[in-house]
2 protein chains.
Amino acid sequence: MGIGGTASTTAVLRVMNERAVFGEILKLGKVSRPELAQATGLSKPTISMALADLERARLVRPIGLRTGNAGRAALLYEIRPQAGWVLAVDVGREFVRLALADLVGDIAARRDEQRKGGETPDELVAWLGELTRELVDEAGVDVADITLTVYGTPGIQDKETSSLQLAPNLPGWERPGAVELLAAVAADAPYVVENDVDLAAVGEGAYGLGQGVDHFALVWIGTGIGMGVVIDGKLYRGAQGAAGEISYLPVGEGDPLVNRGRGMLESVASADGVVALATRLGMRGLTSAKDVFDAARAGDSIACEVVATEADHIAHALAGVIAVLDPQLVVLGGGIGVQAGDLLIGPVTDCLRDLVALRVPMIKASTLGTEAVLLGAMAVGLTTARDLVFERAVAQIPPG
Amino acid sequence: MGIGGTASTTAVLRVMNERAVFGEILKLGKVSRPELAQATGLSKPTISMALADLERARLVRPIGLRTGNAGRAALLYEIRPQAGWVLAVDVGREFVRLALADLVGDIAARRDEQRKGGETPDELVAWLGELTRELVDEAGVDVADITLTVYGTPGIQDKETSSLQLAPNLPGWERPGAVELLAAVAADAPYVVENDVDLAAVGEGAYGLGQGVDHFALVWIGTGIGMGVVIDGKLYRGAQGAAGEISYLPVGEGDPLVNRGRGMLESVASADGVVALATRLGMRGLTSAKDVFDAARAGDSIACEVVATEADHIAHALAGVIAVLDPQLVVLGGGIGVQAGDLLIGPVTDCLRDLVALRVPMIKASTLGTEAVLLGAMAVGLTTARDLVFERAVAQIPPG
DNA sequence: GAACTTAGTTAGACACCTTGCCAAATGTCT
DNA sequence: AGACATTTGGCAAGGTGTCTAACTAAGTTC
């Protein structure tokens, strides 16, 4: 609990209770007054009052009668989906993905577009603005209706200079003020920029393997390497927003041919690192890391060796992560986590047994695939938007 | 904020407000009604009501009039110190330290005793029981008055088996049920067992360099190596309570003579590791790591080389920690942190500039010395005991 | 269609906090 | 020394919010 807290008057009780009712409706979907009374512990008259307020604030709406049971039919309420709109944007290396959802979370429109690559920030913003208008039209709403936009991007946002650091795939965004250009995408609508891997971790926690897990880490291995950390069910960003930036970690031995004596995790364990190692060991005609994994599944001995080496690298990196964080679960995501999860989970877990002091946490491969970042952006957006909408509607205007 | 929360009736308002008043008195010390009204935002009559309740619950007491200002003299209130007692116990490798404090945090009695070493759990518990009775007598209270005892021990508590793992200095405590023996120290009083380094981190946050810092890590380097992690101002324990167990981390190169190719952090960077390396490089007549550091301060070239190597090891370990956690501050504690902080901070920070992606966090040496664990135990104990006492007194018995 | 069951509303009571006013007590100015 | 300003503490009245209990409304079951 904690001694301290804030003192309050009866007026905040009403807000607290209405927030609780709103939260229960979000959780339960279509729901009747008696069910809400049961779920919140409040009395029937209080529930009726709260619903009247929420309905007046246009946050909820009656949806019809539920008949069939004995007794009088119950009037069901639900969240008014149009009470808010969330735009989630995944600005990836090759693709840009957008999804527009209502406050309930139903996706009204979405789009996956291939990037040309090398767009300037202005070009990218203009393009995103165009796509946003298309999505908004498709959903039959207006750009001004967007409650919140959440962008998932590589790199780390420097809030002081409004720029993105460590994001080589987004040239131009390292310039001061670049992030603020995003304000133009959806005029005046609030927006949030988060690291893509962090959002993938949130997505995993909301819709994937992290559901109900208090402390877990999502390790993203693809073109680059990163990690998202969830602690106490909440994304942990670190002091500078750089928590989980493990790509520069020194790995024990590394391939002596690539780096002298010590390898940087990203250079040895990323997709390119896998292809490089396989090529060096004699494999030919590789177009991507996936070829190596397919060959390993078919029994190719060189490919198997590459996989074993990759598992060893990952395990050594995870050993450090586990020693520091002691998570309950580690999810492998990104291209390699998804494509080669089946091959890697076993050897990684085995290797970790020798490297970890106590029990090895569960190691699993993500099931969200390429959707992880977008889902995470949506999860963050929905949570924040619901708060925003509630605050605006109920806390600000408390009519009798 | 977060949509959801708990619904409540007016009765919880009173408890909330009384908790807020109680918290303000703890924060402000001797304080008048108008000051409390100002601090909490509550009205005068409400403050008076709350104080009457708190006084009836024997949690606070009037302490006299404050005169001197213009106007009527104000009646000052303060926490009743005897409303609760906290026993903090640091079970170290060489010493056992105990402190008994009242609810305000004033230490009424304390004791530092040298361990014989190798005591069985039963012997240790009997001894601690004896010392506890002495402390309690000295303070003029009874064992039954102890609200909470907090033990700081090495190793990790396995809650399922009530035993301590990874604590070689406490033989016998790895047996199931061993931790429960501590119940006998202060009959029936609640007790908590925490990792000693974790408590040192809490101490650093409450009384040391971590004050006001949201995210920081305390790296403890002494006989053993460990780390305490504070996130959002709260101790982070991890899923199994093993967060920060970095002693087994592989360090990049290590001394090839000690370990083949790769060193375990604890074996190369601990006090023994320092002495071993110095001896191997030709220093003679060393009794402890302190000798090496003194020699380095005097300009001994071998000692300086040992210090440089130590700094390198620490920096490489910290690089991993920083990559994962991105703390605002890293505090070096334990024997080496305290004794050699002045020598190590500079080289460690320099070395980290090459290893860390973004800005290097502040690296500082702890100022709490050997008191860190005990202070941390006291901080945890006071926080928890205040909660316990309040809950028992106010929430349970709400008289008009 | 009568009995039963569940849903929703209304009225009265209780709890909590606040504002406003008044009395008490102290320092300061004349 | 006495009047005045200032601050503290207490009391009464009013407002807001929730609860219980009783009552009305609207379904199902037999």
Side-chain angles (χ1 to χ4, degrees), chain A residues 5-21 24-25 28 30-56 60 62-78 394-395 397-400, chain B residues 5-21 24 28 30-56 60 62-77 394-395 397-400:
Chain A
T6 34
S8 18
T9 166
T10 50
V12 312
L13 254 192
R14 178 167 213 143
V15 176
M16 278 175 57
N17 288 342
E18 287 179 6
R19 173 178 274 121
V21 169
E24 285 303 328
I25 303 179
L28 300 173
K30 298 180 204 305
V31 64
S32 71
R33 273 180 248 243
E35 286 163 351
L36 285 172
Q38 169 76 25
T40 59
L42 296 170
S43 66
K44 291 191 292 176
T46 304
I47 295 292
S48 286
M49 291 286 274
L51 281 176
D53 272 7
L54 291 172
E55 190 178 349
R56 198 170 324 120
V60 306
I63 190 64
L65 296 169
R66 174 170 51 204
T67 163
N69 305 328
R72 177 175 173 177
L75 182 57
L76 298 180
Y77 280 82
E78 68 170 12
V394 174
I397 326 150
Chain B
T6 33
S8 17
T9 166
T10 49
V12 312
L13 255 192
R14 178 168 213 143
V15 176
M16 279 175 58
N17 288 342
E18 288 180 5
R19 173 177 276 122
V21 170
E24 285 303 326
L28 301 173
K30 298 179 203 305
V31 64
S32 71
R33 271 180 252 244
E35 285 164 351
L36 285 172
Q38 170 76 26
T40 59
L42 296 170
S43 66
K44 291 190 295 174
T46 304
I47 296 292
S48 288
M49 290 288 275
L51 282 176
D53 272 6
L54 290 173
E55 191 179 347
R56 200 172 321 123
V60 307
I63 191 64
L65 295 170
R66 173 169 53 204
T67 163
N69 304 329
R72 177 175 173 175
L75 182 56
L76 298 180
Y77 280 82
V394 175
I397 325 151

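Quick caveat, the model's predicted, so the values are computed rather than measured. Each chain gets a letter, A, B and so on, in the order the sequences are listed, and its residues count up from 1. Only heavy atoms go into these numbers, but all of them, side chains included; no hydrogens, no water, no symmetry mates.
Between R33(A) and dT9(C), a side-chain N or O to OP1/OP2 separation shorter than 4.0 Å is present. Between T9(B) and dC19(D), a side-chain N or O to OP1/OP2 separation shorter than 4.0 Å is absent. Look at T46(A) and you won't find any side-chain N or O under 4.0 angstrom from OP1 or OP2 of dG17(D). The side chain of S43(B) places no N or O atom within less than 4.0 Å of a non-bridging phosphate oxygen (OP1 or OP2) of dC17(C). Contact between the side-chain N/O atoms of N17(B) and the OP1/OP2 oxygens of dC16(C) is not found at any separation under 4.0 Å.
Summary of the strand contacts: T10(B) and L76(A) both lie near DNA chain C, and taking for each the nucleotide with the nearest heavy atom, the more 5' one is attributed to L76(A). Mapping P34(B) and G41(A) onto DNA chain D via the closest heavy atom, the residue that lands nearer the 5' end is P34(B).
Atoms CZ (R14(A)) and P (dG15(D)) sit 16 Å apart, rounded to a whole Å. Atom OH in Y77(B) sits about 10 Å away from atom C1' in dG9(D), given to the nearest Å. Rounded to an integer number of Å, the gap from R72(A) CZ to dA3(C) P is 21 Å. The separation between L42(B) atom CG and dT19(C) atom P is 11 Å, rounded to whole Å. Between the CG atom of L75(A) and the C1' atom of dT24(D) there is a distance of 17 Å, rounded to whole Å. When rounded to the nearest whole Å, the span between CD of E18(B) and P of dA15(C) equals 15 Å. Taking atom CE on M49(A) and atom P on dA11(C), their separation rounds to 13 Å, with Å as the unit. To the nearest angstrom, C1' of dG27(C) lies 15 Å from CG of L65(B).
Of the candidate nucleotides dG27(D), dT10(C), dA12(D), dA12(D) has the atom lying nearest to any side-chain atom of P45(B).
Of all non-hydrogen atoms in I25(A) and Y77(A), the two that sit nearest each other are CG2-O, 4.3 Å.
Residue-level contact check: S48(B) touches the backbone only, with heavy atoms under 4.0 Å from sugar-phosphate atoms and none from bases.
No more than 12 heavy atoms of other residues, nucleotides or ligands sit less than 6.0 Å from atom CD of Q38(B).
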(message) Quick one, E78(A) with V60(A), criterion side chain to side chain contact (heavy atoms under 4.5 Å, CB included). Give me CA distance, side-chain angles, the key distance, then yes/no.
(response) CA-CA 6 Å; E78(A) 68 170 12; V60(A) 306; over 6 Å; no
(request) Please lay out, stage by stage, how V394(A) and D53(A) fare under the test side chain to side chain contact (heavy atoms under 4.5 Å, CB included). (result) CA-CA 8 Å; V394(A) 174; D53(A) 272 7; 6.0 Å; no
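We find that R66(B) and E35(B) are joined by a salt bridge, their nearest charged nitrogen and carboxylate oxygen being less than 4.0 Å apart.
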